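For clarity, every value in this text was computed on a predicted model and none was experimentally measured.
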Amino acid sequence: MHSFLHQWFTVLVLVSAVLNSASVLAAEIDSAAVRTAMSEEGRLPDDLARDSRSKPEVVIPLLHIEAGATVVDIFGSGGYYSELLASVVGAEGEVWLHNNDGFEAWGINGLRDRFDKRDLGNINRHTRSGINLDLGEETMDAAIIVMALHDIYVIPKRYNGEEYVPVGSPANATYFLEQIYTALKPGSRFVVVEHAGDASMESEEVFDLHRMIEVRARNEVENVGFHFIESSDALRNPKDDRSMIVFDSDIKGQTDRFVLSFEKPSN
């Protein structure tokens, strides 16, 4: 009897150890994990300079991902977020750095610095045309788009010598967002970081400033099926009156930004 109890106790200890180990491995990536990634040697100087402005230790945990996750960084340009995400998901995970030709050209210097002489093996550079994401169906554990959703709504314009005039139509935002929804697994998160616009302005004027009204962003994402879960005020800046284009030297890197986290329903 004593031998049987001893064996049973040993089994319980082993099962407990396995469960505890699995629990540790399955822990969601938190701010501490992101700060560890931020402190890794060899990060680019421009990334280090950006950290205090972007606060990825606040933004990335809103994705609610674990090590081993597959994440897409949509319109990731030079790959600032992609590298941090690749670090926190680890070698068993993967990050898709998505760009179209325009966003890749915009971030080309960062991409060269990031990849030409450095081995970032778990980043898949995924450049596609226009707003065609080509992400497949239920392939992603999370998605993020940083200060780029507004570009889908901007009306293309050209200066005619006197003023800027429309030369085309904005992209199909519903189609764009539906692709993200389709690519995410049920229960996965989609995080939007965006330059805040002035709700008293006309929508076209706001988008011309490369900003977006928060309520509009939330409604657009929810309209394709996402559920709003949480937000963060970490990137807010009340000194930004939202009247300047985000590239203006007086506000660049210091805009008032909102951060929204959505979830694809599990059922």
What are the two closest non-hydrogen atoms of Arg43 and Ala37, and how far apart are they? CD-O, 3.5 Å
Check each of Asp47, Asp46, Asp51 against Tyr80 using the side-chain hydrogen bond (donor to acceptor under 3.5 Å, both in side chains) test, and report the only one that passes. Asp51
Sidechain N-carboxylate O distance under 4.0 Å for Glu222, Arg218: yes
Quick one: does Ile131's side chain get under 4.5 Å of Asn100's, heavy atoms only? no
Find the distance between CG (Asn99) and CG (Leu111) and round it off to the nearest 0.5 Å. 6.0 Å
Quick check: closest heavy atoms across Ser169 and Pro156, and the distance to 0.1 Å? O-CD, 3.5 Å
Minimum heavy-atom distance Val58-Ser232, with the two atoms named: CG1-OG, 3.4 Å
CE on Met147 to CZ on Arg257, rounded to 0.5 Å: 6.0 Å
For residues Glu104 and Thr127, is any side-chain donor paired with an opposing acceptor at under 3.5 Å? yes
Quick check: is Val95 connected to Leu44 through a chain of hydrophobic side chains (ILVMFWY, heavy atoms under 4.5 Å apart)? no
Check whether any side-chain heavy atom of Val146 lies under 4.5 Å from a side-chain heavy atom of Val59, and answer yes or no. no
Do other residues, nucleotides or ligands put more than 12 heavy atoms under 6.0 Å from the OH atom of Tyr164? no
Test: Arg236 cationic atom under 6.0 Å from Phe258 six-membered ring centre, within 45° of axis: no
To the nearest 0.5 Å, what is the distance between NE2 on His195 and CZ on Arg242? 13.0 Å
Is a side-chain donor-acceptor pair under 3.5 Å present for Tyr175 with Asn132? yes
How about Glu83 and Arg118: do any of their side-chain heavy atoms sit closer than 4.5 Å? yes
Which value, rounded to the nearest 0.5 Å, describes the distance between Thr139 atom OG1 and Asp134 atom CG? 9.5 Å
Is a donor from one side chain sitting under 3.5 angstrom from an acceptor on the other, for Glu194 and His210? no
Would you give the length of the straight line joining atom CD1 of Ile144 to atom CG of Leu63, rounded to the nearest 0.5 angstrom? 5.0 Å
Any donor-acceptor pair under 3.5 Å linking the side chain of Asn122 with the backbone of Gly90? yes
Quick one: do Asp208 and Lys157 make a salt bridge, cutoff under 4.0 Å? yes
Polar side-chain atom of Glu57 near backbone of Ser31 as donor-acceptor pair, under 3.5 Å: no
Between Tyr81 and Trp96, does the ring centroid distance fall short of 6.0 Å? no
Step by step, work out the side-chain contact (heavy atoms from CB on, under 4.5 Å) result for Phe176 and Ile74. CA-CA 11 Å; Phe176 176 77; Ile74 300 169; 3.8 Å; yes
If you measure only the distance, is there a donor-acceptor pair under 3.5 Å linking the side chains of Tyr153 and Glu220? yes
Say whether Val259 and Val34 are linked into one hydrophobic cluster, either directly or through other cluster members, by side-chain heavy-atom distances under 4.5 angstrom. yes
Before giving the answer on side-chain contact (heavy atoms from CB on, under 4.5 Å), spell out for Val221 and Leu260 the whole-Å C-alpha distance, their side-chain angles and the decisive distance to 0.1 Å. CA-CA 10 Å; Val221 176; Leu260 306 176; over 6 Å; no
Crowding at NZ, Lys55 (>12 non-hydrogen neighbours, <6.0 Å): no
ILVMFWY network linking Val193 to Leu84, side-chain heavy atoms under 4.5 angstrom: yes
Leu85 side chain reached by Ile60 side chain, heavy atoms, under 4.5 Å: yes
Using the rule that Ile, Leu, Val, Met, Phe, Trp and Tyr join whenever any side-chain heavy atoms are under 4.5 Å apart, tell me whether Leu235 and Ile145 fall into a single cluster. no
Check: Glu204 and Ile155 side chains under 4.5 Å, non-hydrogen atoms: yes
Minimum heavy-atom distance between Val88 and Ala33, given as atom pair plus value: CG1-O, 3.9 Å
Hphob cluster co-occupancy, Met244 + Met201, side-chain heavy atoms under 4.5 angstrom: no
I'd like to check Phe207 versus Leu209 (side-chain heavy atoms, cut-off strictly below 4.5 Å). Are they in contact? no
Using a 3.5 Å distance criterion without hydrogens, assess whether the side chain of Asp73 forms a donor-acceptor pair with backbone atoms of Leu97. no
How long is the straight-line distance from CG of Leu62 back to CD1 of Ile229, given to the nearest 0.5 Å? 11.0 Å
Just by distance, no angles: are the side chains of His98 and His126 close enough, under 3.5 Å, to form a donor-acceptor pair? no
Nearest heavy-atom pair of Ser243 and Asp241: which atoms, and what distance? OG-OD1, 2.6 Å
Donor-acceptor contact present, side-chain Asn223 to main-chain Asn219, <3.5 Å: yes
Do Asp141 side-chain atoms and Ala69 backbone N/O form a donor-acceptor pair below 3.5 Å? no
Is the closest side-chain donor-acceptor distance between Ser188 and Glu263 under 3.5 Å? no
CD/Glu163: more than 12 non-hydrogen atoms of other groups inside 6.0 Å: yes
Contact summary for Ile123 and Ala86, nearest pair of heavy atoms: CG1-CB, 3.6 Å
Please assess Met140 against Val71 for the test side-chain contact (heavy atoms from CB on, under 4.5 Å), listing each intermediate value before the final yes or no. CA-CA 6 Å; Met140 299 291 154; Val71 186; 6.0 Å; no
With distance as the sole test, does Asp240 use its side chain to make a donor-acceptor pair with the main-chain N or O of Asp256 at under 3.5 Å? yes
May I ask you to check if Lys264 and Phe226 form a cation-pi contact, with NZ or CZ under 6.0 angstrom from the six-membered ring centre and within 45° of the axis? no
Do Phe75 and Ile152 have side-chain heavy atoms sitting under 4.5 Å apart? yes
Residues Leu177, Leu149; criterion side-chain contact (heavy atoms from CB on, under 4.5 Å); working and verdict: CA-CA 9 Å; Leu177 291 168; Leu149 181 60; 4.1 Å; yes
Within a 6.0 Å radius of atom CD on Glu92, are there more than 12 heavy atoms belonging to other residues, nucleotides or ligands? no
Got a donor-acceptor contact below 3.5 angstrom from the Arg216 side chain to the Met212 backbone? no
Criterion salt bridge (Lys or Arg N to Asp or Glu O under 4.0 Å) on Glu230 and Arg189, from CA distance to verdict: CA-CA 10 Å; Glu230 58 187 325; Arg189 293 289 184 95; 2.8 Å; yes
Heavy-atom distance under 4.5 Å between the side chains of Arg211 and Thr255, does that happen here? yes
